[in-house]
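Here the structure comes first, spelled out in structure tokens, and everything after it is commentary.
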Amino acid sequence: MGVLLGLVRPDAGKILVDGNTIRPGKQFKERLGYLPEAAAFAPNLTGKQVLRFFARARGVDSSRVVEVLNIVQLTDGSSRSVRGYSRGMIQRLGIAVAILTEPELLILDEPTGGLDQEGLSVIWAIIREWQERGRFILLASHDLVLMEKRVQQVVMLADGKIRAKGSPEELRSRAMLPIRVHFTLDPADPKADSLVKAVEGLGDCVPRRTDSRMVTEIAPDRLLSLLALQPMFNGTVTGVRIEEPGFDAVYESVLEVSP
Amino acid sequence: MMRVGRALVRHEFQERIRDRWVAVVSIVFMLMASGVTLYSRNAAESAITLTGPSLVTLASMLVPLVALILGHDVICGERDRHTLGLLLSLPASAGEIVFAKVIGRVLALSISVSLGLGAAIILAEEGTRGALVSLVWPTVLLGAAFLTLGTFLSAVVKRPGTAASLAVVVWFLLVFFYDLGLLGLLVLTDGAFPSEAISGLVAANPAGLYRVEMMAQYAGPTGFEDLSIASFLPARGVSVAIWVAWTFGLTAVTALTLTRQRSLR
């Protein structure tokens, strides 16, 4: 991101955007919107003054300032000094700065940092809107679980190197992490013990049972064989919940297999 | 200046006004300049020969300090606040951004200087006011030179605290000890050090050049003969070149220093 923004001088390589080599100069920066990690602004200026400065610098009409304040739900606090803003409000002001020009390339560095639920809804709405318009968002985040459902491509980095890339689904399949299945049982039903034995019989499964619950983990490609047991124990099994591993576990697994 | 530069000049100026910096410095400068003027007005027969040089002495010490402090956090302050990256992501070169920030702050400084000297001008005798008005622009130029120097310091160090300490050291060196050092050099070499070189060194320091030029204006050539320092006054072209080097030249060096840094975040 730093290289793309012209903030870090690369040791080697080139920047390709849409297949064309670019230099992070003025022309390219006109196309960018940027939200830095832990965004910060002059504390003695109001939110509106901050936005007006960026609007003037970007050649954007001042009516857009009102619009983006509304989008990030900061209209009420916009006349107050940034000094009195919460972390979440500063982050939302940063998002407003980033989308001022409706840039074709939006760079978001840790956009969820410090955001409250209201702020998260704002960022999800913006990501969705940019995706619907077919625009590009480059996003860096440690919040893998939150991001998984909202991004189309993931590049996993460790020690400055690309370790894996693909859609979240592809990476999840590649990791082959066991899926946890929760069964709710009727404790009075005598067939409950037989169910435990049947699950053990599938091999690799070590079910743990309490009175009315049984939990087991199973490889994703064997999930169907486990679920196939359910009709045989109709009445014994009163509910099934499938829990996929979190995307953070996928990340750790991918790093382990691609050191 | 380009769009980003113009917006940044305004933003810098607005920020300085909002943080009451201009107000505080203006009041301090107004009080000191007024004090000096009132004292000179009552003490001298020909007020301009005392008021002018007294104000020059006051400005040559106070303005560089204020300007260095104003400039010390131009870059490292942004870095410390984590706002440098966002600023440099704007569609402008690092040079344009540095120039715009310096100009915005020089504008703020020029208001303080104008108010400070303005108070002195109002309190001065009627006949001397015109001569004192001519002090305003060179004093702003002196401030601009030291503000640029402060900005340079802010680009070469990482933390505002370090830059502030360096700024005070630079102020002591260039405003207090510089002339003493040159005097010491003359004493140590028993006058063997060429006087042209001494003149050149005096003029190379913006505080020295300001003092020499302003004293020449108020004391006149006769005063200089009496003081035997006529040779300190450089030719007009040289003087302009020195001021340009300290303001535009040093700002360009600061911008170059910034662009050569590996990481600007």
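Just so it is clear: chains get the letters A, B, ... in the order the sequence lines come, proteins before strands, and each one is counted from 1.
Taking 4.0 Å as the cut-off between side-chain N and carboxylate O, A:D143 and A:R150 do not count as a salt-bridged pair. Here A:R133 pairs with A:E102 in a salt bridge; the nearest charged N to carboxylate O distance falls below 4.0 Å.
When heavy atoms are compared at a cutoff of 4.5 Å, B:Q261 approaches chain A solely by way of its backbone atoms N, CA, C and O. Neither the backbone nor the side chain of A:F28 comes within less than 4.5 Å of any heavy atom of chain B. Interface residue A:T46: backbone and side-chain heavy atoms are both found under 4.5 Å from chain B. In this structure, no portion of A:L32 lies under 4.5 Å from any heavy atom of chain B. Contacts between A:A40 and chain B at a heavy-atom distance below 4.5 Å involve backbone atoms as well as side-chain atoms.
With chain B as the partner, the residue from A:I107, A:L7, A:V8, A:V3 showing the most heavy-atom pairs under 4.5 Å is A:L7. Considering only heavy-atom pairs separated by less than 4.5 Å from chain A, the leading option among B:R81, B:H82, B:R10 is B:R10. In terms of heavy-atom pairs under 4.5 Å with chain A, the best-connected choice from B:L84, B:L90, B:L87 is B:L90.
Ring orientation note: the planes of A:F53 and B:H11 are close to parallel, at an angle under 30° on the 30°/60° scale.
Donor-acceptor pairing under 3.5 Å is recorded for the side chains of B:E213 and B:W243. Side-chain contact, B:Y39 with B:T51: no donor N or O sits under 3.5 Å from an acceptor N or O.
Annotation: B:W171 is in aromatic contact with B:F176 [ring centroid separation under 6.0 Å].
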